[in-house]
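Below is one structure, written out as structure tokens, with a few remarks after it.
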Protein chains: 2
Amino acid sequence: MESSTDLLFKALADPTRRALFERLCLDGEATVGALTAGAGISQPAVSKHLGVLKQAGLVLDRHEGRQTHYSAQQRALAPLVDWTGRMNRFWEARFDDLEDLLKRMDQ
Amino acid sequence: MESSTDLLFKALADPTRRALFERLCLDGEATVGALTAGAGISQPAVSKHLGVLKQAGLVLDRHEGRQTHYSAQQRALAPLVDWTGRMNRFWEARFDDLEDLLKRMDQ
DNA sequence: CATATTCATAACTGGATGGTTATGAGAAAT
DNA sequence: ATTTCTCATAACCATCCAGTTATGAATATG
């Protein structure tokens, strides 16, 4: 079983995939053809990347005639934001402890 | 050439590596032996993971006698936080635009 | 000095992964 | 109906990667 957080990190680990997601964030919805034009790789490769992003919940697809429009689903980044927050909270906590210690030493 | 952001994402993509980093964040400094005890994999595997984390700037190592102490360097998460921020800003911006539009329509 | 401990590195292996070309499915156009 | 267009999937390949065992380097211990 693979956790959804794991899927998320793995999906974003590939730079080509991140670039696709970034473009969708910046420019909004785009077709596979449009995305392929700027990606520097073949259309099937782009489709596969989009499949991975979709599985991670990072993009949505919408079928319109013979083309598929993909769009970013920024909400899917939430677990990543939460995780970094948790990791940093401990840092801040330890920082606060240090401050407390210094304060107590000052008295 | 591999960007430092890329190194960061790739380093965190592996669940074993994330677990090691999380442990260092939670419990602070630890030796390779201690980390190996809880990792469920061989010591060389742990050492390799720590090497990857170190290269990504996520951990620091301190040699003391014959043991090496590793500690989390939470600051290294900054680019990740920035990136998620940038990706979400556009979402918020578009959200703000929608709010503006609704406001203007309301007048 | 000899031995034990702790970690890092080397060499290897199986499986995942990112790319390719070929092809098929479905919708539009002629 | 045939052709064209857009995308997804299949099959394949090279490379990367996470794990292993074996071993060496450096430090502590007897």
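First the proteins, then the strands, lettered A, B, ... as listed; each starts at 1. Note that the coordinates shown come from a computational prediction; the quantities given were computed from them, not determined experimentally.
Note on the helix from C/dC1-D/dG30 to C/dT30-D/dA1: angle between the axes of the first and last five pairs equals 10°, rounded to 10 degrees.
The two residues A/Gly57 and A/Ala76 come nearest to each other via the heavy atoms O-CB, 3.1 Å. Nearest heavy-atom pair, B/Leu58 versus B/Phe21, reported as atom, atom and distance to 0.1 Å: O-CE1, 3.3 Å. In terms of heavy atoms, B/Pro15 sits closest to A/Lys10 at CD-NZ, 3.9 Å. Closest non-hydrogen pair, B/Leu7 versus B/Gln55, comes out as CD1-O, 4.0 Å. In this structure, A/Ala13 and A/Arg18 approach most closely via the heavy-atom pair O-NH1, 3.5 Å. Nearest approach of B/Met87 to A/Gln74, heavy atoms of both residues: O-CG, 3.5 Å.
Taking CD from A/Glu22 and CG from A/Asp27, the interatomic distance works out to 11.0 Å, rounded to the nearest 0.5 Å. Separation of atoms NE2 (B/His49) and CD1 (B/Ile41) is listed at 4.5 Å; rounding is to 0.5 Å. Here the CG-CG distance, from A/Leu8 to B/Leu12, works out to 11.5 Å after rounding to the nearest 0.5 Å. If you take OG1 on B/Thr68 and CG on B/Leu60, they are separated by 13.0 Å, rounding to the nearest 0.5 Å. The structure places CH2 of B/Trp83 at 11.5 Å from OG1 of A/Thr84, a figure rounded to the nearest 0.5 Å.
DNA chain D is contacted by no residue of residues 32-39 of chain B, taking any non-hydrogen atom closer than 4.0 Å. Residues from residues 2-16 of chain A with heavy atoms under 4.0 angstrom of DNA chain D: there are none. Less than 4.0 Å separates DNA chain C from at least one heavy atom of each of the following residues of residues 48-69 of chain B: B/Arg66, B/Gln67, B/Thr68.
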Notebook entry, point to check: side chain to side chain contact (heavy atoms under 4.5 Å, CB included) between A/Asp61 and A/Leu50: does it pass, once the steps are laid out?
Noted result: CA-CA 9 Å; A/Asp61 57 344; A/Leu50 290 170; over 6 Å; no
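The shortest distance between side-chain heavy atoms of B/Asp82 and B/Thr5 does not fall below 4.5 Å. Residues A/His69 and A/Thr31 are in side-chain contact: their nearest non-hydrogen atoms beyond the backbone lie under 4.5 Å apart.
For B/Tyr70 and C/dA8, the shortest distance from a side-chain N or O to OP1 or OP2 is below 4.0 Å.
Summarising the geometry, the separation between CZ on A/Arg18 and P on C/dT17 is reported as 16 Å, rounded to the nearest angstrom.
A 4.0 Å heavy-atom criterion places the boundary nucleotides of DNA chain D facing chain A at D/dT4 to D/dT9, written 5' to 3'.
Evaluation of the salt bridge (charged side-chain N to carboxylate O under 4.0 Å, His left out) rule for B/Arg17 yields no partner, not counting sequence neighbours.
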